[in-house]
Amino acid sequence: MQRPPQEDFSLKETKPHLGGGKVTGDKLTSTYDLVEQMQYLYVRVVKAKDLPGKDLTGSLDPYVEVRLGNYRGTTRHFEKKSNPEWSQVFAFSKERIQASVLEVNVKDKDVVKDDFVGRVMFDLNEIPKRVPPDSPLAPQWYRLEDRNGNKVRGELMLAVWMGTQADEAFPESWHSDAATVSGADALANIRSKVYISPKLWYLRVNVIEAQDLIPGDRSRFPEVYVKAILGNQALRTRVSMSKTINPMWNEDLMFVAAEPFEEPLILSVEDRVAPNKDEVLGRCAIPLQYIDRRFDHRPINSKWYNLEKHIMVEGEKKKEIKFASRIHMRLYLEGGYHVLDESTHYSSDLRPTAKQLWKSSIGVLELGILNATGLSPMKTKDGRATTDAYCVAKYGQKWVRTRTIIDSFAPKWNEQYTWEVFDPCTVITIGVFDNCHLHGGDKPGGGARDSRIGKVRIRLSTLETDRVYTHSYPLLVLHPTGVKKMGEIHLAVRFTCSSLMNMMHMYSQPLLPKMHYIHPLTVTQLDSLRHQATQIVSMRLSRAEPPLRKEIVEYMLDVGSHMWSMRRSKANFFRIMGVLGGLIAIGRWFDQICNWKNPITTVLIHILFLILVLYPELILPTIFLYLFLIGVWYYRWRPRNPPHMDTRLSCADNAHPDELDEEFDTFPTSRPPDIVRMRYDRLRSIAGRIQTVVGDLATQGERLQSLLSWRDPRATALFVIFCLIAAIVLYVTPFQVVALLTGFYVLRHPRFRHKLPSAPLNFFRRLPARTDCML
């Protein structure tokens with residue numbers, strides 16, 4: 001299969017004309033400076049008064065048509081109203097203006113042909129310019145004219161000005177780019193929007209015991225368990241070992257709950273009467289609003305809850321009978337954990353749920369979404385290929401969506417967004433999609449899904465502070481036929497640090513909140529809870545207006561990335577080999593030393609070896625000094641561009657068709673026969689876990705490599721400075737003292753050990769790995 005040349009997948013640095021040219025060195029000075037200025041003609045239609053009647057009854061159904069050359073925008077119409085109020089804004093891109101006169105017509109809505117009421121004309125050369133943050137332009141009353149220029153009855157309140165996309169009227173205005181879109185829902189679906197993820201909590205249900213249960217058959221020992229349901233999540237305890245009417249469990253069940261809490265926690269105590277037959281002994285519903293919240297590891301008081309039993313009487317009618325059965329539980333919302341809804345490799349937020357535990361921000365992330373070029377056709381409209389592209393960016397709890405540019409393979413957005421940063425070791429994700437809901441895609445039975453064009457991930461710790469990065473990123477998508485470049489997206493990124501000391505201090509802090517280490521959750525629990533969290537986030541955002549659809553949220557959150565893939569497994573294997581390659585190279589070099597391949601080098605090694613043997617106190621200072629010198633030496637070749645998807649690293653450029661067929665196969669598999677399907681799914685499940693472990697091993701090795709690579713400039717600077725200090729301290733400290741202190745520290749009593757990871761371990765876990773470059 002023919003592959004495009006590798007250079008097509010490369011990252012390209014660009015020099016766009018940002019902020020209207022307000023550049024000082026490598027920094028920009030205006031408030032909307034990470035995008036190119038786009039000029040727009042704005043028309044604000046406020047209201048009209050004293051409009052004449054046009055129908056036989058003397059009534060009027062007025063609306064306003066704003067016409068500029070071939071572009072035409074209309075307001076909504078009012079029925080039988082001579083003093084209507086619209087308060088709508090129209091924006092016409094200056095690049096597409098092909099007329100010298102702006103025409104604002106007032107018309108009467110009619111069944112056959114709309115009647116002309118009057119108009120106001122503007123010469124484009126006389127329209128004033130407004131530069132934000134100037135005060136908004138005040139609207140004025142204009143007397144209507146007929147087609148011959150004569151004054152007629154009626155007045156129209158308007159404001160007309162030239163501005164940029166930084167104008168406050170820009171987000172909610174009608175755009176000439178959307179001239180082919182009609183309908184309020186479709187227009188709302190193309191405008192830029194900001195979404196906030198729901199606040200997620202872990203709900204811990206500690207089921208302790210139950211009392212005075214009344215089983216239906218008292219001649220047998222009951223086999224009782226508790227089933228808990230929250231929304232679409234259902235968990236159950238094991239069957240109680242005490243087979244009495246007072247069973248005990250003392251078992252924890254974990255759920256994900258989202259504010260605002262819409263559904264209660266439903267608990268039912270059930271008796272396993274026979275295989276596939278259970279009898280409900282009692283049930284209770286607990287609203288989450290009244291459940292205690294815990295911010296640390298302190299115990300929460302337990303409570304007794306009454307159980308209600310439901311029986312059927314009079315056909316379908318339900319009747320509740322309250323009796324003395326109770327259940328003893330400890331319920332609380334965990335505020336000390338971070339609810340993981342993203343892949344741990346690409347997390348954009350690591351804060352605990354409880355806002356009381358948040359620390360102050362360390363900086364600001366600014367993203368300018370400039371444009372895209374060479375986008376692939378995504379659908380066919382009226383017999384020709386077209387693409388209606390928009391971008392989605394996700395960082396922390398804030399999602400942003402740009403406006404949709406209609407029918408363009410080179411859309412220009414030039415929209416700028418800002419996020420607070422609380423941890424530098426986080427990742428922002430930007431995705432590009434094709435809008436399939438503009439031309440009837442939302443009709444019942446349509447089943448349209450917005451198509452993915454590609455995405456970009458940028459790790460903040462790989463960015464230098466206060467530097468503006470302007471790059472064109474390739475948009476890569478893996479298809480069953482292989483990796484395909486869908487175009488390029490042009491971004492401008494700047495990470496501004498508010499306190500360098502606070503940011504450096506973050507490198508010694510645990511990556512996740514303390515509760516993850518004091519009371520850790522199991523890997524199985526985390527996988528299940530992450531799946532539930534992504535489902536809740538996608539469901540809540542799909543209910544916004546306009547919706548951020550499920551396929552968009554799942555693609556941005558990397559749902560399904562844990563599935564088995566021969567390609568990913570091979571890529572992780574080669575990553576490990578790349579890490580071990582350094583050790584192998586050292587072994588080969590040492591073998592050459594032993595075999596006197598280079599006599600001069602061998603003699604120098606003999607002299608060094610003799611010195612270190614005679615003066616062992618120089619061993620550790622020499623090692624750290626050598627690492628310090630290597631780090632300083634590599635500074636000249638530090639990476640200057642952020643990392644991006646690497647098709648060769650991902651083994652996507654030479655994947656076998658059969659491997660891709662396996663990767664894109666459904667789960668469970670759709671390949672016959674049944675017995676092969678069962679074995680195949682089992683193999684994929686096991687291999688998926690092996691793949692994850694191999695990837696984690698590769699990540700640890702790559703973090704070691706990144707200590708001196710300046711991939712994270714702040715982390716490498718900290719390590720290089722530490723090596724210099726360590727070399728000096730170890731030089732003046734006797735080796736015996738260092739050895740004794742090290743041994744006593746390693747063998748210290750458990751009383752002096754902490755459950756939280758040490759500062760060196762926290763520092764190591766924050767180092768970047770090549771996971772950011774994995775496709």
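One-based numbering along the sequence shown. Excluded from the calculations below are hydrogen atoms, water molecules and symmetry mates; all remaining heavy atoms, backbone and side chain alike, are included.
Using modelled atom types, one finds a donor on one side chain and an acceptor on the other under 3.5 Å when comparing Y395 with T426.
The 12-atom threshold is exceeded at NZ of K199, counting heavy atoms of other residues, nucleotides or ligands nearer than 6.0 Å. In the displayed structure, I600 atom CD1 is contacted under 6.0 Å by at most 12 heavy atoms of other residues, nucleotides or ligands. Within 6.0 Å of CH2 on W596 lie more than 12 heavy atoms contributed by other residues, nucleotides or ligands.
Judged by distance alone, with hydrogens and angles left aside, the side-chain atoms of S650 form no donor-acceptor pair with the main-chain N or O of A652 at under 3.5 Å. In this structure, R703 contributes its side chain and L767 its backbone to a donor-acceptor pair below 3.5 Å. Distance alone, capped at 3.5 Å, is enough to place a donor-acceptor pair between the Y346 side chain and the T771 backbone. When atom types are taken as modelled, the side chain of S361 and the backbone of F422 share no donor-acceptor pair closer than 3.5 angstrom. Of the possible polar contacts, one joining the T534 side chain to the H531 backbone as a donor-acceptor pair under 3.5 Å is found. Although no hydrogens or angles enter the test, the distance criterion places a donor-acceptor pair under 3.5 Å between the side chain of T470 and the main chain of T14. With hydrogens and angles disregarded, a donor-acceptor distance shorter than 3.5 Å links the side chain of E342 to the backbone of S348. In this structure a side-chain-to-backbone donor-acceptor pair under 3.5 Å is missing from H471 to N641.
The two residues R530 and S343 have their closest heavy-atom pair at NH2-N, 3.2 Å. Scanning both residues, A533 and L200, for their nearest heavy atoms gives CB-CD1, 3.9 Å.
For the pair R457 and Y473, the minimum side-chain heavy-atom distance is 4.5 Å or more. Between T465 and T496 the shortest side-chain heavy-atom distance does not fall below 4.5 Å. Side-chain contact between L475 and V456: present, with at least one pair of heavy atoms (C-beta onward) separated by less than 4.5 Å. Looking only at side-chain heavy atoms (C-beta outward), L649 and R770 come within less than 4.5 Å of each other. I428 is not listed as a side-chain neighbour of V493, based on a closest heavy-atom distance of 4.5 Å or more. Within the 4.5 Å cutoff, the side chain of K359 has no heavy atoms near those of the R351 side chain.
Rounded to the nearest 0.5 angstrom, M486 CE and L476 CG are separated by 10.0 Å.
Using a 4.0 Å cut-off between charged side-chain N and carboxylate O, D296 and K514 make no salt bridge. One finds no salt bridge joining E464 and R714 here, because no Lys/Arg side-chain nitrogen approaches an Asp/Glu carboxylate oxygen to under 4.0 Å. For the pair E13 and R640, the salt-bridge criterion is not met [side-chain N within less than 4.0 Å of a carboxylate O]. One finds no salt bridge joining K394 and D349 here, because no Lys/Arg side-chain nitrogen approaches an Asp/Glu carboxylate oxygen to under 4.0 Å.
The only member of Q691, M577, R567 that meets side chain to side chain contact (heavy atoms under 4.5 Å, CB included) when paired with N572 is Q691. Considering D423, D772, D712 in turn, D772 is the only one that fulfils the salt bridge (Lys or Arg N to Asp or Glu O under 4.0 Å) rule with R459.
Aromatic ring orientation, H519 versus H297: tilted (interplanar angle from 30° to 60°). Between Y507 and F763, the ring-plane angle classifies as tilted under the 30° and 60° cut-offs.
Aromatic rings of Y555 and F433 (six-membered ring for Trp) have centroids within the 6.0 Å cut-off, being under it.
Legend: residues meeting ring pair (Phe, Tyr, Trp, His ring centres under 6.0 Å) with H490, ordered by chain and number and at least two apart, are absent.
For the pair R638 and Y634, the cation-pi criterion (under 6.0 Å, within 45° of the ring axis) is not fulfilled.
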